[in-house]
Amino acid sequence: MSLCQQNPLAAPQDKPIFRLAPNPPTGSRYRLIPPRALMWAALFGSLFTVLWGLGSYPLLQPDEGRNAEIAREMLASGDWLIPTYNGLPYLDKPAFFFKAVALSFAVFGENEAAARLPSALFGLATLGLIYGFCRRHYGAVTAAAAVLVIATTPLFFAFSRFVIFDMTLGFFVSATILACFSAAEAEGRRRTRYYVLGAALAGIATVVKGPVGFIVPSLVMAVFHTWSGLRGWWRDAFGWRNVLVFLAIVVPWFVGVSLQHPDFPYYGLIKESLQRFTTNEFRRTAPFYYYALVIGLCFFPWSLLLPEAMARAWRSRTSWRAVDRLFVAWALVVVVFFSLSQSKLPGYILTAVIALGVLVARVVVHAWEQPNDAGAMRRAALCFALLALPAAILCLIPLVDPEVLRAAAPRTARYLDSLAGALVWLARLFAACGALALIGFLRRDNRVATAAFLLFGLLLVPVLAAHMKTYVEHRSAAGLAR
C-alpha cells in the first residue's frame with residue numbers, strides 16, 4: 001500500500017499555499033536571511049516582549065489583583081483543591097492556574113513579577129511549541145518568522161504579562177490541537193501515543209478553565225478532518241484509551257470539588273459555562289463583528305497583511321497542504337465559535353491569533369524569498385505608513401486639547417497627566433515605524449518593511465511598561481493596601 005493510501009494527509013497533491021523558491025531570482029539584490037540568525041532573533045525577541053519589565057508596575061484591578069490574592073491565600077492555607085477569595089470559596093474557575101501562581105510565590109516571593117511569571121512561561125512555551133511544529137512542517141525560516149510575528153502581536157504579549165488564565169489555557173489548547181494533527185498524520189503506535197498525549201493535554205486544559213478546554217480543540221479537529229475528507233477519524237480520536245486518560249485527569253478534580261460543594265456541578269457547568277455562552281447575564285455582550293475589530297487592533301500591525309493574504313490564499317486553496325488547512329480551520333473555528341457566544345472578551349480568541357500568526361509568517365517569508373512577487377507585503381507597508389501619521393496625531397490631540405478626551409472617554413481623562421508620557425512616546429513610535437515602513441515601500445525592500453512591523457511590536461513593550469506605570473498605579477489597589 002502506498003503512503004498516500006495509508007495516510008490521506010500526506011497526499012502528493014498537497015502543495016504550499018505559496019510556492020517558495022529555494023533562492024531569490026537571479027540578479028536580485030536580496031539574500032536570504034540565515035536561519036540561525038532568525039532563530040536567535042526569534043528567541044531574544046520572544047524573551048524581550050514577554051519578560052521585559054514584567055514586575056515593574058502594580059497589578060491591575062480587578063482581574064490581576066483578584067487572581068493573585070486567590071493564589072496567595074492558596075499558598076497560605078495549603079488547600080490546593082478549593083480556591084478561596086477573602087476566605088470564601090471561589091468556584092468560578094478551577095484551581096490549576098492559581099496553583100501555578102502560588103508555586104511561583106513560594107519560589108520567588110509575593111511580588112508582581114512572580115504573580116505574572118506563570119503566564120509569561122506559558123507564553124514562551126507556546127512560542128516554543130509553535131517553533132518546533134512549524135520547523136517540522138515548513139522549515140526553520142518560517143518557524144522563526146512565525147515566532148517573531150506572534151511574539152510581537154499586542155494581544156499575545158499582553159496576555160503573556162497578565163495574571164489571568166488565557167495564556168495558560170492557550171498553551172494547552174494549542175498543544176492539544178497540534179498533538180491531534182500529529183496523530184492524524186501518523187500511523188500505528190505513533191498515532192496512538194499522539195492521541196493519548198492529546199487527550200491528556202485536553203484534560204489539563206479543562207482543569208485550567210473548564211469545558212472550553214476540550215470543546216475548542218474538538219471543534220477545530222472536526223472541521224479540519226471534515227474539510228480534509230477524512231471519515232471515521234473520531235473513532236481514533238475518541239477511543240476508549242483516550243477517554244480514560246481524559247477522565248483520569250478531570251474526574252478527580254471535579255468529584256473532589258463537588259463533594260465539598262454539592263452545588264458546584266450546576267454552578268460550574270450551567271452557570272459558568274452554558275449560561276456564559278448563551279445569555280447576556282455576565283454583561284459582556286458585543287456585536288457579532290466584535291472579534292474582527294479585536295483582530296484588527298490587537299493583531300496590529302500584522303493585521304494589515306490579512307485581507308490580501310486571505311484573498312490570495314483563497315485563490316490557491318486547491319493547492320493547500322494539510323497543515324495549511326489546519327491553521328485556517330483553527331483560526332476560523334475559534335473566531336466563529338466565540339463570535340456566537342453572548343460573552344465576548346479579547347482573550348477568548350488568543351489561540352486564533354496564534355494560528356493567524358503562522359499564516360501571516362508564511363506571507364512574510366514569501367516576501368523575503370520572492371521579492372518580485374510580494375505585493376501583499378509592500379501594500380501592507382504602505383497602509384502602515386498611511387495609518388501611522390493619523391495615529392501619531394491622535395495620540396497627541398488629548399495633550400493639546402484635553403477636552404476632546406474628556407468628551408470621548410471621561411473616565412480615562414481623569415488620568416491624563418499620568419498618560420501624557422505614554423501618549424508622547426506612542427506618537428513617536430507610530431511616526432518612526434511608519435516612516436520605516438514607507439522607506440521599505442519606496443525602496444521595494446520587504447525586509448525593511450518587515451523590520452517596521454517587528455520594531456513596532458518590540459518597542460511597544462518598553463513604552464507601555466515604562467510610561468504606563470503611574471496610570472496603572474491609579475487603577476491598582478496597591479496604594480490602598482500599603
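Index from 1, following the sequence. Quantities reported herein were computed from a predicted structural model and do not represent experimental measurements.
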Between atom [atom1] of [X] and atom [atom2] of [Y], what is the distance when rounded to the nearest 0.5 Å?
| X | Y | atom1 | atom2 | answer |
| --- | --- | --- | --- | --- |
| Phe156 | Thr49 | CZ | OG1 | 7.5 Å |
| Ser46 | Leu51 | OG | CG | 9.5 Å |
| Phe264 | Ile82 | CZ | CD1 | 8.0 Å |
| Phe133 | Ser182 | CZ | OG | 5.5 Å |
| Thr206 | Leu247 | OG1 | CG | 10.0 Å |
| Phe384 | Met377 | CZ | CE | 10.0 Å |

Practice item. Report the C-alpha separation of Arg191 and Glu185 in whole Å, then their side-chain angles, then the decisive distance to 0.1 Å, and conclude whether the salt bridge (charged side-chain N to carboxylate O under 4.0 Å, His left out) test is met. Key: CA-CA 8 Å; Arg191 170 176 288 190; Glu185 68 170 3; over 6 Å; no
Practice item. Could you tell me whether Trp80 atom CH2 has more than 12 heavy atoms of other residues or ligands within 6.0 Å of it? Key: yes
Point to revise | Atom CH2 of Trp52: over 12 foreign heavy atoms under 6.0 Å | key: no
Practice item. Evaluate side chain to side chain contact (heavy atoms under 4.5 Å, CB included) for Asn67 paired with Val101, printing each intermediate quantity in order. Key: CA-CA 9 Å; Asn67 293 337; Val101 178; over 6 Å; no
Hey, are the side chains of [X] and [Y] touching, using non-hydrogen atoms and a 4.5 Å cut-off?
| X | Y | result |
| --- | --- | --- |
| Asp63 | Phe162 | no |
| Cys180 | Tyr194 | no |
| Ile177 | Val173 | yes |
| Phe108 | Leu117 | yes |
| Asp324 | Arg321 | yes |
| Trp368 | Leu38 | yes |

Practice item. Kindly indicate, with the supporting measurements, whether the criterion ring-ring contact (aromatic ring centres under 6.0 Å, His included) is fulfilled by Trp330 and Phe327. Key: CA-CA 5 Å; Trp330 182 350; Phe327 285 113; 5.7 Å; yes
**Study point:** Candidate list Phe165, Phe171, Phe172, test ring-ring contact (aromatic ring centres under 6.0 Å, His included), partner Phe96, passing option
**Key:**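 Of the listed options, the one satisfying the test is Phe172.
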Review point. Can you check ring-ring contact (aromatic ring centres under 6.0 Å, His included) on Tyr266 and His261, steps first, answer last?
Key: CA-CA 10 Å; Tyr266 172 81; His261 297 275; over 10 Å; no
Practice item. Starting from the C-alpha separation in whole Å, work towards a yes-or-no answer on side-chain hydrogen bond (donor to acceptor under 3.5 Å, both in side chains) for Asp166 and Tyr348. Key: CA-CA 7 Å; Asp166 297 270; Tyr348 292 174; over 6 Å; no
Point to revise | Derivation and outcome, side chain to side chain contact (heavy atoms under 4.5 Å, CB included), residues Thr84 and Met74 | key: CA-CA 7 Å; Thr84 62; Met74 180 175 284; over 6 Å; no
Practice item. Grab the two heavy atoms, one from Arg116 and one from Leu59, that are nearest each other, plus how far apart they are. Key: NH2-CA, 3.6 Å
Angle class for the [X]/[Y] ring planes (parallel below 30°, perpendicular above 60°, tilted otherwise)?
| X | Y | result |
| --- | --- | --- |
| Trp233 | Phe238 | tilted |
| Phe430 | Phe300 | tilted |
| Phe453 | Trp302 | tilted |

**Study point:** Worked check of side chain to side chain contact (heavy atoms under 4.5 Å, CB included) between Val334 and Val216
**Key:** CA-CA 7 Å; Val334 172; Val216 169; 3.9 Å; yes
**Study point:** Test item: side-chain donor near acceptor, Tyr267 and Asp92, under 3.5 Å
**Key:**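 Side chains of Tyr267 and Asp92: pair found under 3.5 Å.
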Check your understanding: Is the closest side-chain donor-acceptor distance between Tyr90 and Arg66 under 3.5 Å?
Key -> yes
Check your understanding: side-chain hydrogen bond (donor to acceptor under 3.5 Å, both in side chains) between Arg135 and Tyr131: does it pass, once the steps are laid out?
Key -> CA-CA 6 Å; Arg135 183 184 178 93; Tyr131 179 84; 2.9 Å; yes
Exercise for review: Kindly indicate, with the supporting measurements, whether the criterion side chain to side chain contact (heavy atoms under 4.5 Å, CB included) is fulfilled by Val163 and Ser119.
Suggested key: CA-CA 7 Å; Val163 189; Ser119 292; 5.7 Å; no
